[in-house]
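Computation of the quantities below employed the complete heavy-atom set of this structure, encompassing side-chain atoms and omitting hydrogens, waters and symmetry-equivalent molecules. Every number for a ligand or one of its atoms is a count from 1 in the order of the listing.
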Amino acid sequence: MFKKTRPIPLELVILRIMSDRKNLSDKEKLQLSNLEKGYEGEVMFDSLIQDLDTLVINDLLLEMGDTLFQIDTLIIFNERVYLIDVKYYEGEYCYDAGIFKTITGIERKDPMLQLNRCHSSLRQLLQKYGFNYPIDAFLVFVNPDFTLFQPTQNPQIILPTQVNSFIKKLNKKVSKLNDKHEKLADLLVTLHKTENPYVRLPAYSYEMLQKGMKCGACRSFAVSVSRTIITCESCGCEERVEAAVLRSVEELGILFPGIRITTNLVHDWCKVIASTKTIRRILKKNFKAIGKTKESYYE
Ligand SMILES: [Zn+2]
């Protein structure tokens, strides 16, 4: 059972919107592709463990002392806690004497070092709150196109060909959870930090983004609008105008938190809706209007 599910990372949500509305720089393209892969790997792993009969907590950002640490997946079993870092690396890598590099010799951050630091911080945190469960930490590589050459096998590293048997073992573990396990799960979810200072959001402004309404299915801007329906000229998908406007308002809110949602702003952002009256009616129906003049905005 997932005690906490995995949200799409904010950086990824923003870069996806940006990629629709402007030309990304090479750096932004790379960042988007890395985030997509990382997220894909995590979602893939989530689906593999979704039937585990125990408590699973996804995507935690915790603090111990001055150290912030991130956990992809935490599984609480009866006697132990499993700390899992999911990687979606692709290609051939070598790992020897603490050096992790591609087969062509490009050195990468040592994922084991990261995992061990996380392990140590988590152990201290659990002890601080009186939980003395042993922790087993694993690095799980889920991309089938990943190979790792290492002089000796490390039981903490689960390679793509070992993932299924690893999951089978997890499924076989009997979990007789009690209140204490529930308390631990609740505590970790409460301690989770929602603001991540390490997140590097790309720079953008309202002016630089393409305005217009996108198809909800294929994200194309080629939509035609009738009184109540928008129709995508690329994929043929139809959507109610109201739903499409609300989707566009949601994007605005994600890109510009705290921005004042006014009729004129939404009209400019959606572009293809001819009448401000339609926009005003939709906003009035779905949000609370603040003020009654032309300057009124919606929350
Ligand atoms: Zn479409």
Side-chain angles (χ1 to χ4, degrees), residues 5-47 50 59 88 90 142-143 145 199 201-257 259-287 297-299:
T5 52
R6 186 181 310 285
I8 306 176
L10 180 64
E11 280 168 289
L12 177 54
V13 174
I14 286 182
L15 276 162
R16 278 179 181 171
I17 301 175
M18 279 175 66
S19 73
D20 294 337
R21 295 187 181 268
K22 78 182 262 293
N23 288 323
L24 296 185
S25 67
D26 288 347
K27 198 180 151 199
E28 287 163 346
K29 276 183 200 158
L30 183 67
Q31 198 186 352
L32 174 61
S33 145
N34 286 341
L35 285 165
E36 289 283 13
K37 282 183 202 156
Y39 182 64
E40 188 183 337
E42 287 161 1
V43 169
M44 192 194 239
F45 188 73
D46 291 348
S47 72
Q50 64 183 349
D59 184 57
Y88 199 72
E90 188 179 322
V142 287
N143 190 333
D145 294 324
V199 167
L201 293 180
Y204 54 89
S205 65
Y206 182 83
E207 289 69 30
M208 68 167 63
L209 300 175
Q210 184 182 343
K211 315 298 183 289
M213 280 216 287
K214 291 184 292 187
C215 164
C218 74
R219 290 153 72 184
S220 159
F221 281 104
V223 294
S224 59
V225 184
S226 73
R227 212 170 60 82
T228 52
I229 298 287
I230 74 162
T231 309
C232 176
E233 284 157 14
S234 299
C235 76
C237 178
E238 291 190 342
E239 188 179 16
R240 284 174 51 238
V241 165
E242 179 171 334
V245 169
L246 291 176
R247 249 190 325 104
S248 305
V249 172
E250 195 189 348
E251 267 194 3
L252 265 179
I254 292 168
L255 291 171
F256 308 100
I259 195 171
R260 285 198 166 182
I261 301 294
T262 64
T263 303
N264 286 339
L265 174 72
V266 176
H267 185 247
D268 182 57
W269 182 246
C270 291
K271 207 169 143 192
V272 288
I273 308 282
S275 118
T276 48
K277 263 189 200 159
T278 308
I279 302 280
R280 185 171 296 117
R281 181 181 54 76
I282 293 170
L283 291 178
K284 260 194 176 156
K285 188 178 156 197
N286 292 280
F287 300 93
Y297 62 99
Y298 297 86
E299 282 183 342

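- To the nearest 0.5 Å, atom CD of residue E299 and atom CD1 of residue I261 are 10.0 Å apart.
- Other residues, nucleotides and ligands contribute over 12 non-hydrogen atoms within 6.0 Å of the CG atom of D145.
- Between R16 and L35, every side-chain heavy-atom pair lies at or beyond the 4.5 Å cut-off.
- Around the Zn ion (ligand 1), the protein atoms of type N, O or S that sit closer than 2.8 Å are C215 SG, C218 SG, C232 SG, C235 SG.
- The side-chain heavy atoms of S19 and R219, taken from C-beta on, include a pair separated by under 4.5 Å.
- Around NZ of K22, the count of heavy atoms belonging to other residues, nucleotides or ligands within 6.0 Å exceeds 12.
- Residue E90 qualifies as enclosed at atom CD: its count of foreign heavy atoms under 6.0 Å is above 12.
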